[in-house]
Amino acid sequence: MNKVIAIDGPAGSGKGTITKKVAEKLGLIYIDTGATYRCVALACLRNNINLEEKEKIINLTKSLNIDFDVNGKTYLNKEDVSNLIRSKEVSAIVSPISSIPEVREILVDLQRKMANNKDVIMEGRDITTVVFPNTKYKFYLDADPTERAKRRMKQNEEMGISMSFEEILDSINKRDYNDMHKSVGALKRCDDQIYIDTTKMTIDEVVQTVIENIKNMD
Ligand code: DC
């Protein structure tokens with residue numbers, strides 16, 4: 001049986017960084033499901049489809065070829081869009097797009113296929129609850145919104161994206177609300193997740209904690 005480590009948590013909780021490091025250390029394939037929703041958002045912007053045009057968004061989602069390579073780069077119809085999907089414009093519309101149940105159905109199916117017969121670590125919002133509810137390795141990473149905004153600010157600076165701290169905090173709060181109140185695939189805490197509050201922890205401490213828990217469950 002292949003092994004699936006499922007990691008959920010809000011924007012800026014450190015999921016991406018932690019998941020990549022755990023993947024490297026344990027030799028697992030890293031799958032960032034947020035990137036799949038971001039690809040749909042980028043494709044909508046490029047095709048001038050607005051958020052009210054649900055049918056068009058669903059048909060567009062069906063037509064897309066989304067893929068990752070072994071280095072974690074994201075490809076949309078064979079084009080490397082790893083940086084483009086992090087733009088302010090994509091971040092502004094990705095949450096409402098990810099609230100469309102039909103879009104989720106298509107992408108959840110794709111995410112499950114990506115994990116087929118492979119040992120993976122997958123991060124997102126509904127991995128522990130919808131995509132792989134039967135895996136025994138379930139984590140929820142959390143942190144205070146202010147700390148998460150600080151982390152996002154640093155990441156944005158590294159990628160040359162200019163946004164003020166207030167703008168980032170506001171976008172995080174809006175996204176938290178949307179992500180937690182979706183009719184399907186909402187970000188949820190549940191009893192069988194291992195909950196880790198990373199606010200006061202270093203990246204290495206979180207990585208270590210996740211790895212120890214995985215080993216204890218093996
Ligand atoms: O993790 P991220 O910020 O790149 O995610 C982008 C958006 O996609 C975010 O608003 C939540 C949504 N998302 C989701 O609904 N389900 C997932 N499994 C992953 C992300």
Side-chain angles (χ1 to χ4, degrees), residues 4-20 23 30-45 51 57-58 61 64 66 68 72-74 76 81-115 120-133 135 138-143 145 148-149 151-156 158-159 161 163 167-190 193 198:
V4 176
I5 317 289
I7 315 243
D8 286 327
S13 58
K15 284 182 309 225
T17 313
I18 308 296
T19 309
K20 265 184 227 150
Y30 164 63
I31 303 174
D32 167 11
T33 61
T36 64
Y37 292 95
R38 286 175 178 273
C39 281
V40 176
L42 178 63
C44 285
L45 291 172
L51 292 173
I57 300 177
I58 296 162
T61 308
L64 300 177
I66 301 170
F68 298 111
K73 284 203 182 301
T74 307
L76 173 59
V81 293
S82 311
N83 290 334
L84 291 173
I85 57 169
R86 306 284 151 199
S87 72
K88 207 182 339 189
E89 292 75 17
V90 166
S91 298
I93 61 163
V94 64
S95 189
I97 285 176
S98 73
S99 305
I100 304 171
E102 293 88 344
V103 168
R104 301 200 69 83
E105 220 176 281
I106 299 162
L107 295 184
V108 166
D109 194 45
L110 171 73
Q111 292 154 14
R112 288 187 181 134
K113 286 195 179 117
M114 284 173 168
V120 304
I121 182 162
M122 186 179 282
E123 54 122 332
R125 305 292 191 288
D126 61 342
I127 314 306
T128 61
T129 54
V130 176
V131 187
F132 286 106
T135 183
K138 297 186 188 189
F139 293 87
Y140 188 108
L141 300 189
D142 208 355
R148 291 194 272 126
R151 294 176 186 171
R152 213 10 85 84
M153 178 112 189
K154 196 159 165 261
Q155 273 175 354
N156 281 357
E158 282 162 10
M159 289 195 296
I161 298 171
M163 265 171 100
E167 235 182 320
I168 295 174
L169 185 59
D170 184 53
S171 137
I172 281 189
N173 283 331
K174 281 200 185 115
R175 243 165 0 115
D176 279 1
Y177 186 86
N178 276 330
D179 289 346
M180 290 173 184
H181 292 83
K182 278 174 197 150
S183 61
V184 282
L187 173 65
K188 274 190 216 139
R189 298 236 340 241
C190 53
Q193 294 157 336
T198 71

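Counting from 1, the numbers follow the sequence of the chain as shown. Side chains are part of it too, since the values below use all heavy atoms of this structure and drop only hydrogens, waters and symmetry mates. One-based numbering, in listed order, for ligands and for the atoms of each.
- Protein heavy atom in closest approach to atom 3 (O) of ligand 1: Arg175 NH1, 2.9 Å.
- Listed for the Thr36 side chain is no donor-acceptor partner under 3.5 Å among the backbone atoms of Leu107.
- Closest to atom 15 (O) of ligand 1 by heavy atom, among Lys15, Lys182, Arg125, is Lys182.
- A heavy-atom separation below 4.0 Å is not found between Lys174 and ligand 1.
- The main-chain N or O of Leu187 is never found under 3.5 Å from a side-chain atom of Asp179 such that the two would form a donor-acceptor pair.
- Two residues are said to be in side-chain contact when any heavy atoms from C-beta on lie closer than 4.5 Å; Val108 and Asp126 meet this criterion.
- Using a 4.0 Å cut-off to heavy atoms of Ser95, the atoms of ligand 1 that qualify are 10 (O).
- Considering backbone and side-chain atoms together, Arg152 places no N or O closer than 3.5 Å to any N or O of ligand 1.
- For atom 8 (O) of ligand 1, the closest non-hydrogen atom of the protein is Tyr37 CB, 3.7 Å.
- Side-chain N or O atoms of Arg104 include one that pairs as donor or acceptor with a backbone N or O of Ser98 at under 3.5 Å.
- If you take CD on Gln193 and CD1 on Ile127, they are separated by 11.5 Å, rounding to the nearest 0.5 Å.
- Nearest heavy-atom pair across Gly185 and Val130 is CA-CG2, 4.3 Å.
- Across Phe132 and Arg112, no two heavy atoms sit closer than the pair CZ-CA, 3.9 Å.
- Protein heavy atom nearest atom 4 (O) of ligand 1, with residue, atom name and distance: Arg38 NE, 2.7 Å.
- No side-chain donor-acceptor contact under 3.5 Å links Glu123 to the backbone of Ile18.
- Atoms of ligand 1 found under 4.0 Å from any heavy atom of Arg86 (numbered from 1 in listed order, with element): 4 (O).
- For atom 7 (C) of ligand 1, the choice among Val103, Asp176, Val94 with the nearest heavy atom turns out to be Val94.
- Every atom of ligand 1 is numbered from 1 in the order shown, and the set under 4.0 Å from a heavy atom of Asp179 is 9 (C), 10 (O), 11 (C).
- Atom 12 (C) of ligand 1 has as its closest protein heavy atom Ser98 OG, 3.6 Å.
- Residue-ligand proximity, Asp126 to ligand 1, at heavy-atom distances under 4.0 Å covers atoms 16 (N), 17 (C), 18 (N).
- For atom 20 (C) of ligand 1, the choice among Gly34, Gly9, Gly12 with the nearest heavy atom turns out to be Gly34.
- Note: no N/O pair closer than 3.5 Å links Gln111 and ligand 1 by distance alone.
- Between Asp176 and Arg148, at least one side-chain nitrogen of the basic residue sits less than 4.0 Å from a carboxylate oxygen of the acidic one, meeting the salt-bridge criterion.
- Of the protein's non-hydrogen atoms, the one nearest atom 19 (C) of ligand 1 is Thr33 OG1, 3.3 Å.
- In this structure a side-chain-to-backbone donor-acceptor pair under 3.5 Å is present from Ser82 to Thr74.
- Protein heavy atom in closest approach to atom 16 (N) of ligand 1: Arg104 NH2, 3.0 Å.
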